[in-house]
Amino acid sequence: MPWPRRNWARDAAPVGGCQRARFALFLAHSQRVPSVTPDQFRRFSAAMPFWASMGFVPLIVIAAAYGGWWLLLMPLYGWGVFTAMDFVTGLNLDNPDTQTPLKDLFWYRAITLVWFPVQFAVIFGALWWIAATDHLHWFEELSLMFGVGVMSGVIGIVYSHELMHQKPKLERWLGDLLLASVLYSHFRSEHLQVHHRYVGTPRDPVTARMGEGFQAYFWRVLRDCPGSALRAEAAMLARKGVSAWHWSNPFWRYAALQGGMLALAFSIAGWWGVVLFAWQALIAIWQLELTNYIEHYGLTRRYLGDGKYEPVRPHHSWNASHKASNWLMINLQRHSDHHFKPDRRFPLLQTYAREDAPQLPYGYPALTTLAMVPPLWRRFMDPKVRAWRRQFYPDIEDWSPYDRHATPWPKGAA
């Protein structure tokens with residue numbers, strides 16, 4: 001005989017009729033599932049492709065567990081998969097509404113906000129695994145941390161770039177922590193106070209010169225950028241009447257955060273852990289500077305005389321609208337608009353037509369591979385730089401003062 005069904009609203013409620021009715025209404029509301037509006041679902045689904053960075057995490061876990069050929073998964077994912085996907089998905093030429101309220105960007109912002117704990121866990125989890133197990137050979141351990149460095153560079157530094165441009169302190173701190181995890185904290189000062197101000201001029205170490213190979217560019221940037229960042233911070237403090245040694249100089253914070261990361265690596269895996277941590281940091285920095293190399297290669301601003309240059313415009317950055325690689329790098333390839341409106345959040349960055357900004361034929365993952373072979377890179381890109389010069393500066397006949405990279409360019413160069 002089946003059990004009789006019980007009327008909980010009647011049996012559990014007090015005797016009074018009004019009380020019974022109120023209790024029944026309470027039960028009905030407590031069992032109601034919150035509904036998702038079509039607009040909320042649309043915003044969620046539109047943001048989800050930008051969470052492609054999370055794909056690195058299971059790949060690193062698999063590579064750490066099995067070693068061998070599995071160690072190729074991370075670079076293959078970061079470079080090969082998204083290059084192939086670019087050919088399949090094509091270009092995204094749609095421009096979002098720049099007046100979109102911040103609350104509608106929740107799922108876009110969320111990936112940048114949660115990434116530091118994810119990256120922190122991956123880096124130091126990999127070091128713990130290496131210290132606790134012995135099934136990986138030393139070169140497999142280096143290969144594993146190479147893959148971690150690809151993730152830290154392709155994703156972590158790109159996310160820190162987005163965060164450092166925002167006003168909330170939480171986002172800026174997360175950006176600082178991400179940069180400390182790759183020992184490149186000065187990038188924040190150099191990027192905000194030097195690169196954005198002097199891009200396309202000889203005063204910007206990060207603007208790649210036409211004909212300059214990546215290897216020469218890389219070592220020049222490693223040599224010049226820390227000093228230019230420190231001088232920029234010292235100059236800002238001097239304008240406030242404060243010494244460069246004052247506690248408010250962010251380089252003290254940079255040193256403390258980076259020192260803490262190195263100390264943690266040592267506590268987990270000893271000196272070999274410090275070496276592996278520094279190795280993944282170097283790979284991340286290499287990935288960042290490959291991207292920086294591409295973004296402004298050969299592009300210059302007109303010299304106006306007296307040490308002044310024309311304002312930054314969209315045509316001073318290479319633009320790429322490839323859909324899949326922009327998912328991976330959160331629209332960093334819409335770089336023309338980023339320099340035009342530096343504080344614009346990545347979901348709202350605009351793309352431009354060829355008449356307004358120079359276009360790259362492929363996304364960053366493909367072009368960073370090509371940039372590692374300077375003769376092929378120059379053969380591919382230098383004709384595009386010359387076409388850019390004819391398009392945007394047809395009145396300039398002699399480009400030799402720009403190509404010599406004098407500082408500043410002599411009067412009459414333009």
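Quick caveat, the model's predicted, so the values are computed rather than measured.
Residue Leu367 holds its CG atom at 14.0 Å from CE of Met372, rounded to the nearest 0.5 Å. One finds the CD1 atom of Ile157 at 9.0 Å from the CG atom of Leu178 (value rounded to the nearest 0.5 Å). The line from NE2 of His335 to CG of Asn331 is 12.5 Å long, rounded to the nearest 0.5 Å. In this structure, the separation between CE on Met48 and OH on Tyr108 is 9.0 Å, given to the nearest 0.5 Å. Residue Leu222 holds its CG atom at 13.0 Å from CH2 of Trp286, rounded to the nearest 0.5 Å. Rounded to the nearest 0.5 Å, atoms CD (Glu212) and CZ (Phe214) are 10.0 Å apart.
Looking at Ser336, its side chain does come within 3.5 Å of a backbone N or O of Ser317 through a donor-acceptor pair. For the pair Glu397 (side chain) and Asp395 (backbone), a donor-acceptor distance under 3.5 Å is absent. When atom types are taken as modelled, the side chain of Arg302 and the backbone of Tyr309 share no donor-acceptor pair closer than 3.5 angstrom. At least one donor-acceptor pair closer than 3.5 Å links the side chain of Gln350 to the backbone N or O of Leu348. Formation of a donor-acceptor pair under 3.5 Å by the His246 side chain with backbone atoms of Ser243 is not found in this model. Side chain of Arg301 to backbone of Val199: a donor-acceptor contact under 3.5 angstrom is found. With hydrogens and angles ignored, the 3.5 Å screen pairs a side-chain donor or acceptor of Gln258 with a backbone N or O of Ser185. Looking only at distances, no side-chain donor or acceptor of Trp279 sits under 3.5 Å from a matching main-chain atom of Gly149. Here the side chain of Asn326 pairs a donor or acceptor atom with the backbone of His322 at under 3.5 angstrom.
Note on ring orientation: taking the six-membered ring where Trp is involved, the planes of His161 and Phe187 are tilted (angle from 30° to 60°). In this structure, Tyr352 and Phe340 have perpendicular ring planes: the angle between them is above 60°, well past the 30° mark. Ring geometry, Trp129 versus His135: the interplanar angle exceeds 60°, so the pair is classed perpendicular (tilted spans 30 to 60°).
A salt bridge is absent between Lys323 and Asp86; no separation between the charged side-chain nitrogens and carboxylate oxygens falls under 4.0 Å.
Under the 6.0 Å cut-off for aromatic ring centres, Tyr297 and Tyr217 do not qualify, their centroids lying 6.0 Å or more apart. Between Trp377 and Tyr293, the distance from one ring center to the other falls under 6.0 angstrom. In this structure, His339 has its ring center under 6.0 Å from that of His195. In summary, the aromatic rings of Tyr393 and His315 are positioned with their centroids under 6.0 Å apart. In this structure, Phe124 has its ring center closer than 6.0 angstrom to the ring center of Phe277. Aromatic pair Phe346/Phe50: ring centres closer than 6.0 Å.
Judged by a 6.0 Å distance limit and a 45° cone about the ring axis, Arg253 is positioned over the six-membered ring of Trp173. Judged by the 6.0 Å distance and 45° axis criteria, Lys384 is positioned over the aromatic ring of Phe380.
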Item to complete: Apply side chain to side chain contact (heavy atoms under 4.5 Å, CB included) to the pair Lys341 and Leu349, showing each step before the final yes or no.
Response: CA-CA 8 Å; Lys341 297 289 184 182; Leu349 288 172; 6.0 Å; no

Discussion item. Could you walk me through whether Gln333 and Ser321 satisfy the side-chain hydrogen bond (donor to acceptor under 3.5 Å, both in side chains) test, starting with their C-alpha distance in whole Å, then the side-chain angles of each, then the deciding distance to 0.1 Å, before giving a yes or no?
Written reply: CA-CA 7 Å; Gln333 299 173 144; Ser321 301; over 6 Å; no

Discussion item. Before you tell me yes or no, could you show the steps for Ile123 and Ser181 under side chain to side chain contact (heavy atoms under 4.5 Å, CB included), namely the whole-Å CA-CA distance, both residues' side-chain angles and the distance that decides it to 0.1 Å?
Written reply: CA-CA 8 Å; Ile123 293 173; Ser181 71; 4.1 Å; yes

Fill in: Test side-chain hydrogen bond (donor to acceptor under 3.5 Å, both in side chains) applied to Asn319 and Thr351, step by step
CA-CA 7 Å; Asn319 195 65; Thr351 193; 3.0 Å; yes

Item to complete: List the steps, then state whether side chain to side chain contact (heavy atoms under 4.5 Å, CB included) holds for Ile283 with Ser152.
Response: CA-CA 8 Å; Ile283 299 306; Ser152 301; over 6 Å; no

Practice prompt. For Trp79 and Leu76, run side chain to side chain contact (heavy atoms under 4.5 Å, CB included): C-alpha distance rounded to whole Å, both residues' side-chain angles, the deciding distance at 0.1 Å, then the answer.
Written response: CA-CA 5 Å; Trp79 301 329; Leu76 182 63; over 6 Å; no

Fill in: Glu233 vs Asn249, side-chain hydrogen bond (donor to acceptor under 3.5 Å, both in side chains): CA-CA, chis, key distance, verdict
CA-CA 7 Å; Glu233 292 291 355; Asn249 189 328; over 6 Å; no

Practice prompt. Apply the test side-chain hydrogen bond (donor to acceptor under 3.5 Å, both in side chains) to residues Tyr254 and Ser189: give CA-CA distance (whole Å), side-chain angles for both, the deciding distance (0.1 Å), then the verdict.
Written response: CA-CA 10 Å; Tyr254 301 161; Ser189 295; 2.7 Å; yes

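Heavy-atom minimum distance, Gly67 versus Leu136: CA-CD2, 3.7 Å. Counting all heavy atoms, side chain and backbone alike, Val148 lies closest to Met74 at N-CE, 4.4 Å. The two residues Pro96 and Arg334 make their nearest non-hydrogen contact at CD-NH1, 4.0 Å. Shown here for Pro347 and Leu105, the closest heavy-atom pair between the two residues is CB-CD2, 4.0 Å. Looking at every heavy atom in both residues, Leu299 comes nearest to Thr207 through O-CG2, 3.7 Å. Summarising the geometry of Glu162 relative to Gln166, their closest heavy-atom pair is O-NE2, 3.2 Å, with the distance given to 0.1 Å.
Atom OH of Tyr362 has 12 or fewer heavy atoms from other residues, nucleotides or ligands within 6.0 Å. The environment of Asp134 atom CG is sparse: at most 12 non-hydrogen atoms of other residues, nucleotides or ligands sit within 6.0 angstrom. Around the CZ atom of Arg386, the shell of radius 6.0 Å holds more than 12 heavy atoms that belong to other residues, nucleotides or ligands.
Within the 4.5 Å cutoff, the side chain of Trp219 has no heavy atoms near those of the Glu289 side chain. Glu190 places a side-chain heavy atom less than 4.5 Å from the side chain of Asp204. Contact check for Tyr66 versus Val61: no side-chain heavy atoms found under the 4.5 Å cut-off. The closest side-chain heavy-atom distance from Met164 to Leu179 is below 4.5 Å. Taking the side chain as every heavy atom from C-beta outward, Leu276 and Trp271 never approach each other to under 4.5 Å. No side-chain heavy atom of Tyr159 sits under 4.5 Å from any side-chain heavy atom of Phe116. Side-chain atoms of Ile294 and Thr291, non-hydrogen and from C-beta on, never get closer than 4.5 Å to each other. The shortest distance between side-chain heavy atoms of Gln40 and Trp107 does not fall below 4.5 Å.
Between His165 and the options Arg172, His196, Glu171, a side chain to side chain donor-acceptor pair (under 3.5 Å) holds for only His196.
Neither side chain, Glu140 nor Trp70, offers a donor N or O lying under 3.5 Å from an acceptor on the other.
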